[in-house]
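To find a chain, count down the sequence lines: A is the first, B the second, and so on, and within it residues start at 1.
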Amino acid sequence: MEYNFREIEKKWQQTWKESGIYQVSNSFEKPKYYVLDMFPYPSGAGLHVGHPLGYIASDIYARYKRLKGYNILHPMGFDSFGLPAEQYAIETGQHPATTTENNIANFKSQLDKIGFCFDWSREIKTSDPEFYRWTQWIFLKLFKSWYNNENNKAEPIETLIKEFAGNGAQRLQQSDHSFSADEWKSFDEEKKHEILMDFRLAFSSYGEVNWCEALGTVLANDEVVNGVSERGGFPVEKKKMRQWYLRITDYAERLLKGLETVDFSDAMKEMQRNWIGRSEGAEMRFSILNNPLSIEVYTTRPDTIFGVDFLVLAPEHELVNQLITEEQRQPINEYLTYVKSRSDRERLAEVKQITGCFTGSYAINPFDGKQIPIWIAEYVLAGYGTGAIMAVPCGDQRDFDFAIHFNIPITNIIGKDFNGNEANPTKEAILENSGFLNGMLMKNAIGVAVNKIEELGIGKRKVNYRMRDAGFSRQRYWGEPFPIIWSEGIAVPMDEKELPLELPFVEKYGPGKNGEGPLSNLVDWVNTSSGKRETSTMPGYAGSSWYFLRYMDPHNNDTFADKKITDYWNQVDVYIGGTEHAVGHLLYSRMWTKFLYDFGLISFEEPFKKLVNQGMITGKSYFFMLNRIHGDKIVSYNSQNTSNAFVRLKYAHQFISNDFKLTKKTLDDQVEKGIVERPSYEIVWEKDGDEEFVFLKEESEKMSKSKFNVDNPNDLVDKYGADTFRMYEMFLGPVEQSKPWDTKGIEGVHRFLKKLWRLFFDDSSFFSRGKMSGGEAIWNEEKPTFAELKMLHKTIKKVEEDTDRFSFNTAVSAFMVCVNELTDLKCHKREILEPLLILLAPYAPHIAEELYHVIGNSDSILNAVFPESENKYLTETEKEYPVSINGKMRTTMIISLESTQQEVEKMVLSNPIVHRWIDSKPIKKIIFVKNKMVNVVV
RNA sequence: ACCCGGGUGGUGGAACUGGUAGACACGCAGGACUUAAAAUCCUGUGAUCAGCAAUGGUCGUGUGGGUUCAACUCCCAUCCCGGGUACCA
């Protein structure tokens, strides 16, 4: 019988589906394990090669854990709200709900073909009202809460109202508000709401937002890349609008701390830390000469206070107008006009340009009374710290450049550590010219200076975060509507019982007036008896911030997920997805989880215990950088990124060491002489300054479109089967590594499966003229030999270890070694093959299931138990040890594991080959490392 | 510029805490079976030198140096590639 993967895979996929074998129960007897993929956005293009990589990895892991006796939650769903569906709707007139449904159906059928063990009964769609009902519910919860810094957790807004009624805003010091309890009571409703809005975790405010004219919507910071929209690449500008925000900054510290408790890659943690951008420093006030005003600056280096030569305000700073002296009014206005004329994009592109303008006013250094000029400049950002800085040119390069450019005298406070040509940002120098800080090491002076500042009452310690509050509204149609009604300027939350607030049907998806969303066009919907509905919708990350909780209890009508059930499933044990969500989705979902935890709605604070980042499947790279030339000299040789290295450089190493001169002419010569093989590729020389690069360019025809068409997952599954496809994607390399997509090697994996098949069926005499004949089952019940058992148990151990550490590529290799070996041994014994099939089941479930039944099992292999590797087959009493002389391997010797050092030395000394190599030199010592090697030092 | 990650045959990639570098697979070359093709199987395959041969020598994990009996692995310096961040005071 032939390995007919098409029939086998179809059969089992159907059987599994019908038997509901993947359905997960919430029975709490078994230990649980939660394996989750980042759910996809169901784009119209369907699945591409990059998608399945992570899904296959998680599927293998989930199946593996199942064989190990765990109750597995391994669900899948769709992040089905989002911009592309809406864009598509605008272009084609089809309703996003329709296109999304179609796309999801397409995705599901493609996913099923690969044989994933998803429990579709738990499927989630973020655009499903039954799902977004709870997204809205959590939003309302956020709206009705504030972050209490004293208790370090979120609390109902009522506790804040109580605080205000009892103590006013005095005690809290969490905002710029200051009023007494009596004042609070005297405020009218609108004023009270306005104040409360400054505390709510989901709040509305006027703010500068990233407005994208072309998309007609507001974008989050992480949706803007280099001043243009991430999607579409349209220009983005700043605009003041009423927007909803999440007060994620209140969670900054906990988001930072929480990183220590989770198993993410260092790179991922670092990215999140950078994004949060914590810095410790101080805020301090400078009074102004002949002016009652004062300016607050933020600095991380209060130790440099005596080196301040000027202050700089952001052009947008609110005090600018009041600081301008008459004679400076003209130039300042010109400068402000100039700044306004520049888009964010320009500002980003020309960071090195130094611009600025003197205001005419002077501040007074509180420590030495020195008068310091106040400037405004673009390089100070309004949004960070206080929007004003104290400039210390000898310690900060930007301040230095600015001082030089505008001829501002520089004070040196670090003596010889400042060379006058560039700033020195060290903390290790001894302070000079620094009043009470003289003679101190800078890093020690920081604390002293802050203490003094606090003592004098001119400032205080302050921790700043780079992270901004997250914009939470979009002027779009295809998203969750806000359950908010505006009544006389007050945002009134809808009653929870009225949820979900369903997204109304619209005919047209165009924006409303004044940049409002399409919903604003639905007059009947917007106007209610109690006021006007909020017309923006929630952003894409709303649903994805908590979806992993809903999988646990997807059909609950009373709550987003039952507490008993979330207690059982708890954290996601392994979360698999791309790095691109490092600062968006992952931070938001971590925040939502912490928020729900604060209210005792779930009992874990971090959603994802372990995160695995699958690498990207990249397109092929067309260039191969051969060498880098600097004048006549080769600076380096780099053989990396050579996926298309069709060129054989025979003397690559000599190339360097012989100081071989490479010029265009000599390379041409090499090609001619055949040193560089396959000269059918074009050699391209490019100059960059005085450096020259050599590229070898593949002829473009080789990458024709027809070739790409073969490379989509469906076609590969059709041609080789799901099992081959699964194993091949794993075999390509480590899951976490990016790699170019290449289908060259898939035949090898397919061959492996056929080889496995032939351990069970003889096909030596099979078909001629398209007809099958022969091919009997050849598996048998004979007793396995020691060698066969050894092979099996070695494989069990290896596959187990590799699967545990997500090293699927090496596990696949282990299978290949095992099957090759069993073929050589002509081993067709059930006792060996059956455990092997169970090992293989997570990787290639269809063929494993089929053969499992062939050898007489009636239950599904999914319910099998992962075999244990028995030590008695793995440990040996004797081992062949490598023997080296002075570290160089020369021979091997069979040594018993029980041997002592003395016995080994004796054996070594009597070995003739060792003697030959030692060549009668005196032996200094013999090193014997048990289980590893023997080395003789002479 | 800064912060992470990386550099191993013609290619993808193995080598877990230093201990026989190149597992496994692709590709390539040769052979077997076949009228032929496909499929399958066998052999070889880092470079280089010596030998009819078995075999053996030398060099080899971007480059230069160091530690060690022993380095892909640890340390220092340097070049290159990939990712992230970017006037954050």
d([atom1], [X]; [atom2], [N]) in whole Å:
X	N	atom1	atom2	answer
A:Tyr728	B:G13	OH	C1'	11 Å
A:Arg466	B:U85	CZ	P	9 Å
A:Glu270	B:G83	CD	C1'	13 Å
A:Lys826	B:C41	NZ	C1'	11 Å
A:Leu732	B:G12	CG	C1'	7 Å

Listed pairs, N/O of protein and of nucleotides 67-73 of chain B, under 3.5 Å:
{"residue": "B:C69", "atom": "O2'", "partner": "A:Asn935", "partner atom": "ND2", "Å": "3.4"}
{"residue": "B:C69", "atom": "O2", "partner": "A:Asn935", "partner atom": "ND2", "Å": "2.2"}

Partners meeting salt bridge (Lys or Arg N to Asp or Glu O under 4.0 Å) with A:Glu280 (sequence neighbours left out): A:Arg278

Could you go through nucleotides 22-26 of chain B and list every protein N or O atom that sits under 3.5 Å from one of its N or O atoms, giving the distance for each pair?
{"residue": "B:A25", "atom": "OP1", "partner": "A:Asn820", "partner atom": "ND2", "Å": "3.0"}
{"residue": "B:C26", "atom": "OP1", "partner": "A:Arg751", "partner atom": "NE", "Å": "3.0"}
{"residue": "B:C26", "atom": "OP1", "partner": "A:Arg751", "partner atom": "NH2", "Å": "2.8"}

Looking at [N], I'd like to know if its phosphate oxygens (OP1 or OP2) sit under 4.0 Å from a side-chain N or O belonging to [X].
X	N	result
A:Tyr384	B:A89	yes
A:Lys269	B:C4	no
A:Arg273	B:G84	no
A:Thr892	B:U20	no
A:Arg890	B:G57	yes

Any-strand Watson-Crick or G-U partner of [N], both distances under 3.5 Å:
N	answer
B:C74	B:G66
B:U40	B:A32
B:G22	none

I want to verify a distance call: between B:A89, B:C87, B:G5, whose nearest atom is closest to the A:Val380 side chain? B:A89

Could you pull out every donor-acceptor pair under 3.5 Å between side chains of residues 389-404 of chain A and any protein atom, sequence neighbours left out?
{"residue": "A:Asp396", "atom": "OD1", "partner": "A:Arg398", "partner atom": "N", "Å": "2.8"}
{"residue": "A:Asp396", "atom": "OD1", "partner": "A:Arg398", "partner atom": "NE", "Å": "3.2"}
{"residue": "A:Asp396", "atom": "OD1", "partner": "A:Asp399", "partner atom": "N", "Å": "3.2"}
{"residue": "A:Asp396", "atom": "OD2", "partner": "A:Arg398", "partner atom": "NH2", "Å": "2.7"}
{"residue": "A:Gln397", "atom": "OE1", "partner": "A:Ala423", "partner atom": "N", "Å": "3.0"}
{"residue": "A:Gln397", "atom": "NE2", "partner": "A:Asp401", "partner atom": "OD1", "Å": "3.0"}
{"residue": "A:Asp399", "atom": "OD1", "partner": "A:Tyr379", "partner atom": "OH", "Å": "2.8"}
{"residue": "A:Asp399", "atom": "OD2", "partner": "A:Val392", "partner atom": "N", "Å": "2.9"}

For B:G9, does the O4'-C1'-N9-C4 or O4'-C1'-N1-C2 angle fall within 90° of 0, making it syn, or is it anti? syn

Going by the rule ring pair (Phe, Tyr, Trp, His ring centres under 6.0 Å), which residues pair with [X] if we only count those two or more places apart in sequence or in a different chain?
X	answer
A:Phe928	A:Tyr881
A:Phe264	none
A:Tyr384	none

Considering only the C1' atoms, how many Å lie between B:A25 and B:A37, rounded to the nearest integer? 25 Å

With sequence neighbours left out, the residues meeting side-chain hydrogen bond (donor to acceptor under 3.5 Å, both in side chains) with A:Glu283 are none

For the aromatic rings, using the six-membered ring if either is Trp, is the centroid distance between A:Tyr720 and A:Phe5 under 6.0 Å? no

Base, sugar-phosphate or nothing for A:Arg278? Non-hydrogen atoms, less than 4.0 Å. nothing

Applying a 4.0 Å non-hydrogen cut-off, can you work out what A:Gln737 is touching in the nucleic acid: base, sugar-phosphate, or nothing? sugar-phosphate

Within a radius of less than 6.0 Å around NZ of A:Lys269, do more than 12 heavy atoms belonging to other residues, nucleotides or ligands occur? yes

Apply side-chain contact (heavy atoms from CB on, under 4.5 Å) to A:Lys755 and list each qualifying residue two or more places apart in sequence or on a separate chain. A:Arg758, A:Val819, A:Asn820, A:Thr823

